[in-house]
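Working notes for the structure below.
Everything numeric in this text was worked out from a predicted model, so none of it was measured.
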Amino acid sequence: MIQNPSPRHIAGLSSLLVALFSSVVVYFFTDDVASIFLNLVVTFLSSYLLFNYLLKQFIYRKIKLIYKNIHRFKTQSSSVTQVLENHNQDPIEEVSKEVMDWMKENRREINQLKEQASYRREFLGNVSHELKTPIQSIQGYIHTLLDGALEDKKVNRVFLNKASKGVDRLVELVEDLTSIAEFESNAVNLDFQKFDIVVLINEVFEIVEQQALNKNVSLKIKKQSPKSYMVWADRNKIRQVLINLIVNAIKYGKKKGFVLIGLYDMDKNLLLEVADDGEGIAKEHLPRLFERFYRTDKGRSRNEGGSGLGLSIAKHIMEAHRQTINVRSTVGEGSTFGITLKKA
């Protein structure tokens, strides 16, 4: 059996069958071997020319047209005709290969679309839940005040303060969602400048100092790290990333624990690591840690506060810098988040 037969193979086989059948018919009318042989040759040649012509004109031309359309659809190339005219392979084999590749690619795209649809459903569910919690809280306190608690001086200010915190959380959520939308639409313009990352780390330590004191957590830079290190980045955005990483380290670290910053020279880049001594993160959570609203421990995470978008925003900021952010963690020992920055 011939695999991937060409037009000549098909025409030859078909012509041979027709010629043999014709010779058998002639044999019944005459015993002249020369006549039978002549009929065999003439029938074979005429059938071969006819079949070969028909195959090329009415079948292969259409197959080539299909091949051309598939190729144009996949590549949007204007040189497809030249490719088809110059290729030496069998057109049916080419079409078969193209169709199989196209089917595989479509299957991959369908699987990706299914994953994205699932991700969208999960994201919308998370957004609804995250927004519903502060809205219900605000609604409850305001209705209670309107129902008479507003006149009770013992609780009116308490309820107003709690409603105010709910509004603050709602504003934080909306601002973080807006930030992510801007990064994903490439609407953020980074203000690159040369600055000392060690100075910025100390500034962030001052910003989060009260949170660290509340848990009796010490904030330190590794002794072997340089006292000064110039980098090239958007200072405000990197401050945002550092605040997020250090606040998370404080939240999920141990009481009376530590947050340790390490700086490491990586040729053209600087590696900055933020380590804590907390419970650590299970291995199955690590691949999804930078997704929006993803929480390893939903109840505890919400009690700790935050929008659940901080790590996602940090990832977007580092990607906008064309740099990396990563995490490694051991359960029971702590977690270490690392970012890279271009050296100035």
Side-chain angles (χ1 to χ4, degrees), residues 130 133-134 137-138 141 157-179 195-223 225 227-229 233-263 272-281 289-290 293 295-315 317-318 325 327 329 333-339 341:
E130 295 290 343
T133 302
S137 172
I138 296 165
Y141 289 125
R157 185 169 289 276
V158 174
F159 283 4
L160 283 172
N161 284 332
K162 289 183 177 181
S164 176
K165 288 181 180 178
V167 172
D168 291 341
R169 175 165 170 73
L170 204 56
V171 170
E172 182 184 3
L173 275 168
V174 172
E175 287 178 347
D176 285 348
L177 284 169
T178 302
S179 295
F195 64 92
D196 191 335
I197 190 65
V198 178
V199 172
L200 181 59
I201 292 169
N202 286 314
E203 284 181 15
V204 174
F205 280 173
E206 291 179 6
I207 293 170
V208 303
E209 182 179 14
Q210 190 57 51
Q211 289 173 273
L213 288 173
N214 291 340
K215 288 192 69 173
N216 200 13
V217 172
S218 61
L219 306 174
K220 299 178 181 177
I221 299 177
K222 280 189 174 182
K223 291 181 179 179
S225 296
K227 303 300 180 185
S228 177
Y229 213 111
D234 185 317
R235 196 176 194 276
N236 290 332
K237 297 298 183 187
I238 299 303
R239 180 197 288 116
Q240 187 177 354
V241 172
L242 289 178
I243 289 174
N244 178 273
L245 296 181
I246 294 172
V247 167
N248 277 357
I250 295 170
K251 283 181 182 177
Y252 303 115
K254 293 178 181 177
K255 288 185 177 179
K256 298 182 180 180
F258 64 84
V259 174
L260 195 60
I261 309 294
L263 301 174
L272 186 155
E273 290 190 336
V274 180
D276 65 63
D277 59 345
E279 296 176 1
I281 303 165
L289 204 59
F290 296 97
F293 294 118
R295 300 177 189 269
T296 57
D297 183 348
K298 295 185 178 181
R300 180 169 177 262
S301 297
R302 288 194 174 93
N303 291 335
E304 294 287 354
S307 66
L309 295 167
L311 288 178
S312 180
I313 291 173
K315 182 182 179 184
I317 290 173
M318 298 316 302
I325 182 169
V327 59
S329 184
E333 295 183 11
S335 305
T336 300
F337 286 82
I339 62 172
L341 294 168

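When the side-chain contact (heavy atoms from CB on, under 4.5 Å) test is applied to Gln210, the partners found at least two apart in sequence or on another chain are Leu213, Asn214. Partners of Glu203 by salt bridge (charged side-chain N to carboxylate O under 4.0 Å, His left out), not counting sequence neighbours, listed by chain and number: Arg235, Arg239.
Contact of the Ser312 side chain with the Phe290 side chain is not registered, since no non-hydrogen atoms from C-beta on lie closer than 4.5 Å. Side chains of Asn248 and Phe337 form no contact here, defined as non-hydrogen atoms less than 4.5 Å apart. Counting heavy atoms from C-beta on, the side chains of Ile138 and Lys162 never come closer than 4.5 Å. Val208 places none of its side-chain heavy atoms less than 4.5 Å from the side chain of Val259. Contact annotation: the side chain of Leu260 never approaches that of Leu219 to less than 4.5 Å [non-hydrogen atoms, C-beta and beyond]. Contact of the Met318 side chain with the Leu341 side chain is registered, since non-hydrogen atoms from C-beta on lie closer than 4.5 Å. Counting heavy atoms from C-beta outward, Ile250 and Lys215 have side chains that approach closer than 4.5 Å.
Considering CD1 of Ile339 and CG of Leu242, their distance stands at 5.0 Å, rounded to 0.5 Å. The distance from atom CG of Leu200 to atom CD1 of Ile207, rounded to the nearest 0.5 Å, is 8.0 Å. Taking CD1 of Ile246 as the start and NZ of Lys251 as the end, the distance is 13.5 Å to the nearest 0.5 Å. How far CG of Leu272 is from CD1 of Ile197: 5.5 Å, rounded to the nearest 0.5 Å. Between the OG atom of Ser335 and the CG atom of Leu245 there is a distance of 11.5 Å, given to the nearest 0.5 Å. Taking CZ from Phe195 and CG from Asp234, the interatomic distance works out to 8.0 Å, rounded to the nearest 0.5 Å.
In plain terms, the two heavy atoms of Gly257 and Asp277 that are nearest each other are CA-OD2, 3.2 Å. Scanning all heavy atoms of the two residues, the minimum distance from Lys315 to Ile325 falls at CA-CG2, 3.8 Å. Counting all heavy atoms, side chain and backbone alike, Leu263 lies closest to Ser225 at N-OG, 3.2 Å. In terms of heavy-atom proximity, Leu170 sits nearest to Pro134 at CD1-CG, 3.7 Å. Pairing each heavy atom of Asp196 with each of Tyr229, the nearest pair is OD1-N, 3.0 Å.
The aromatic rings of Tyr141 and Phe159 sit tilted relative to each other, their planes meeting at an angle between 30° and 60°.
No donor-acceptor distance shorter than 3.5 angstrom exists from the side chain of Ser164 to the backbone of Leu160, with no hydrogens or angles considered. At distances below 3.5 Å, at least one donor-acceptor pair connects side-chain atoms of Ser329 with backbone N or O atoms of Ile281. A side-chain donor-acceptor contact under 3.5 Å links Asn202 to the backbone of Val198. Although no hydrogens or angles enter the test, the distance criterion places no donor-acceptor pair under 3.5 Å between the side chain of Asn244 and the main chain of Gln240. Asp176 places no side-chain N or O within donor-acceptor distance of the main-chain N or O of Leu309, the cut-off being under 3.5 Å. Judged by distance alone, with hydrogens and angles left aside, the side-chain atoms of Ser137 form no donor-acceptor pair with the main-chain N or O of Thr133 at under 3.5 Å. Although no hydrogens or angles enter the test, the distance criterion places no donor-acceptor pair under 3.5 Å between the side chain of Lys255 and the main chain of Val217.
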Exercise for review: Kindly determine whether Gln211 and Val247 satisfy side-chain contact (heavy atoms from CB on, under 4.5 Å), including the steps that lead there.
Suggested key: CA-CA 8 Å; Gln211 289 173 273; Val247 167; 3.7 Å; yes

